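A short write-up of the structure that comes next.
Worth saying up front: this structure is predicted, and the values here are computed from it rather than measured. Throughout, numbering of the chain's residues begins at 1 and tracks the sequence. For ligands, and for the atoms within them, numbers begin at 1 and follow the listed sequence.
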Amino acid sequence: MKTQPASHGLKEIPRHVAVIMDGNGRWARQRMLNRIEGHRRGIESVRAVVRTAGELGIAYLTLYAFSKENWKRPKVETATLMHLLGTFLRREIGELNRNKVRLKAIGVLEDLPPKVLRQFRATEAATAKNTGLTLILALSYGARDEITRAAREIAAEAVAGRIAPASVDEKTVARHLDTAGVPDPDLLIRTSGELRVSNFLLWQISYAEFVVSPTLWPDFRREQFLDALREFGRRHRRFGGVESLPRA
Ligand code: IPE
Ligand code: IPE
Ligand code: MG
């Protein structure tokens with residue numbers, strides 16, 4: 001049976017949740033394990049959060065899986081992360097389809113090893129017709145890079161005479177971002193207690209609510225996700241305006 005949102009004490013289900021999945025390395029270090037073990041365990045958290053998001057009727061879930069800056073890490077770590085990603089994409093097709101999840105990505109996918117990119121495209125195609133949760137993986141993603149690429153495209157269109165500079169507005173910029181067509185996140189969760197955005201969705205999170213969880217990503221499962229959603233339900237969003245008071 002499908003769990004109803006109300007049964008978790010959730011007042012409001014955000015349309016789009018974005019997550020900075022952080023703390024895999026620290027989780028492993030605390031256990032005297034290799035960082036890779038933290039990443040491996042982190043995949044279980046991805047499964048739990050995707051399943052819960054789908055169940056609750058969240059429309060979009062964006063997961064920061066690998067940043068542009070993460071390429072600075074030792075080769076053995078980036079290579080293993082890419083290998084884990086490829087395996088995840090291959091193994092998860094059945095589960096994604098069962099849960100009606102449609103897979104998408106943002107970032108510079110061409111940076112991925114060709115084999116992983118091919119696997120991503122295959123899983124994306126296999127889930128393209130699903131009508132439930134849209135799962136967006138941020139892969140080799142950096143927000144400044146995304147905005148820079150958008151600016152480059154708009155400039156090229158202007159030079160080609162297809163767009164007048166004076167007509168460039170926020171909608172033009174949004175249309176050229178990797179997230180074109182996706183509503184802005186309502187809620188941004190970061191795990192592991194770090195209070196920074198690390199170059200994630202800088203444009204799109206203008207009015208997102210932030211929830212920072214002290215839990216390290218490999219321990220962040222259904223309950224911790226529900227806690228973050230409950231916290232979101234207690235927030236009062238004003239978007240620069242004034243809050244409308246509940247009617248007496
Ligand atoms: C998040 O965990 C996973 C990725 C960034 C790929 P980290 O690997 O950043 O873990 P910490 O922050 O070192 O604990
Ligand atoms: C952010 O985590 C990137 C991802 C979660 C993929 P990092 O661990 O790379 O961020 P910093 O280095 O702590 O800012
Ligand atoms: Mg980290």
Side-chain angles (χ1 to χ4, degrees), residues 16-50 53 60-89 91-92 103-113 115-117 119-120 135-149 177-179 182 185 187-205 208-221 224-225 228:
H16 184 174
V17 179
V19 187
I20 304 176
M21 311 184 285
D22 198 16
N24 293 354
R26 276 161 284 167
W27 183 93
R29 198 177 54 214
Q30 284 174 0
R31 289 161 181 78
M32 314 279 265
L33 297 169
N34 189 293
R35 293 176 59 84
I36 305 304
E37 286 311 312
H39 297 315
R40 231 187 272 283
R41 273 285 295 237
I43 293 176
E44 288 306 314
S45 300
V46 171
R47 288 202 180 96
V49 168
V50 169
Y60 298 90
L61 175 68
T62 301
L63 300 179
Y64 205 1
F66 194 89
S67 73
K68 269 252 159 205
E69 290 74 25
N70 286 150
W71 291 113
K72 288 186 216 158
R73 296 186 180 198
K75 179 86 203 321
V76 26
E77 180 167 350
T78 59
T80 312
L81 276 166
M82 289 301 136
H83 179 76
L84 287 174
L85 172 64
T87 310
F88 172 83
L89 292 168
R91 288 199 186 145
E92 226 53 25
L103 182 72
K104 285 186 163 295
I106 53 174
V108 184
L109 296 194
E110 293 71 28
D111 289 349
L112 302 180
K115 197 174 154 200
V116 177
L117 177 55
Q119 186 58 59
F120 173 81
L135 169 63
I136 304 170
L137 296 181
L139 298 169
S140 197
Y141 175 86
R144 286 187 170 190
D145 171 70
E146 177 191 37
I147 294 167
T148 306
R149 286 186 279 112
L177 296 174
D178 297 349
T179 50
V182 175
L187 167 63
L188 172 67
I189 300 171
R190 182 163 188 152
T191 62
S192 87
E194 301 291 0
L195 300 173
R196 53 178 176 264
V197 286
S198 302
N199 204 13
F200 191 41
L201 300 175
L202 296 181
W203 172 280
Q204 298 88 340
I205 59 173
E209 293 295 325
F210 281 30
V211 171
V212 173
S213 165
T215 305
L216 303 176
W217 179 251
D219 289 330
F220 192 90
R221 301 288 165 93
Q224 290 76 14
F225 186 46

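Residue-and-atom listing of protein N/O/S atoms under 2.8 Å from the Mg ion (ligand 3), sorted by chain and number: D22 OD1.
In summary, E37 and R40 engage in a salt bridge, as defined by a charged side-chain N under 4.0 Å from a carboxylate O.
There is no side-chain donor-acceptor pair under 3.5 Å between S213 and Q224. With hydrogens and angles left out, the side-chain atoms of D145 and T148 include no donor and acceptor closer than 3.5 Å.
Of the residues V116, L89, I43, the one that meets the side-chain contact (heavy atoms from CB on, under 4.5 Å) test with L84 is I43. The ring-ring contact (aromatic ring centres under 6.0 Å, His included) with F66 is formed by just one residue from the set F120, W71, F88; it is W71.
Without hydrogens or angle criteria, N24 side chain to W217 main chain gives no donor-acceptor distance under 3.5 Å.
Annotation for ligand 2: atoms under 4.0 Å from non-hydrogen atoms of R196 are 11 (P), 13 (O), 14 (O).
Taking the six-membered ring where tryptophan is involved, the planes of F200 and Y141 are perpendicular, since the angle between them exceeds 60° and thus also 30°.
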| request: I would like to know whether T80 and R35 meet side-chain contact (heavy atoms from CB on, under 4.5 Å); could you show each step before the answer? | output: CA-CA 10 Å; T80 312; R35 293 176 59 84; over 6 Å; no
| said: The test is side-chain contact (heavy atoms from CB on, under 4.5 Å); show your working for T191 and T215 and say whether it passes. | reply: CA-CA 6 Å; T191 62; T215 305; 5.6 Å; no
Please give the N or O to N or O pairs under 3.5 Å between ligand 1 and the protein, distances rounded to 0.1 Å.
residue	atom	partner	partner atom	Å
ligand 1	2 (O)	G23	N	3.4
ligand 1	2 (O)	N24	N	3.2
ligand 1	8 (O)	R35	NH2	2.8
ligand 1	8 (O)	R73	NH1	2.7
ligand 1	9 (O)	D22	OD1	3.0
ligand 1	9 (O)	R73	NH2	2.9
ligand 1	10 (O)	N24	N	3.1
ligand 1	10 (O)	G25	N	2.9
ligand 1	12 (O)	D22	OD1	2.8
ligand 1	12 (O)	R26	NH2	2.8
ligand 1	13 (O)	R35	NH1	3.1
ligand 1	13 (O)	R35	NH2	3.1
ligand 1	14 (O)	G25	N	3.3
ligand 1	14 (O)	R26	N	2.7
ligand 1	14 (O)	R26	NE	2.8

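Rounding to the nearest 0.5 Å gives a distance of 14.5 Å between NZ of K68 and CZ of R144.
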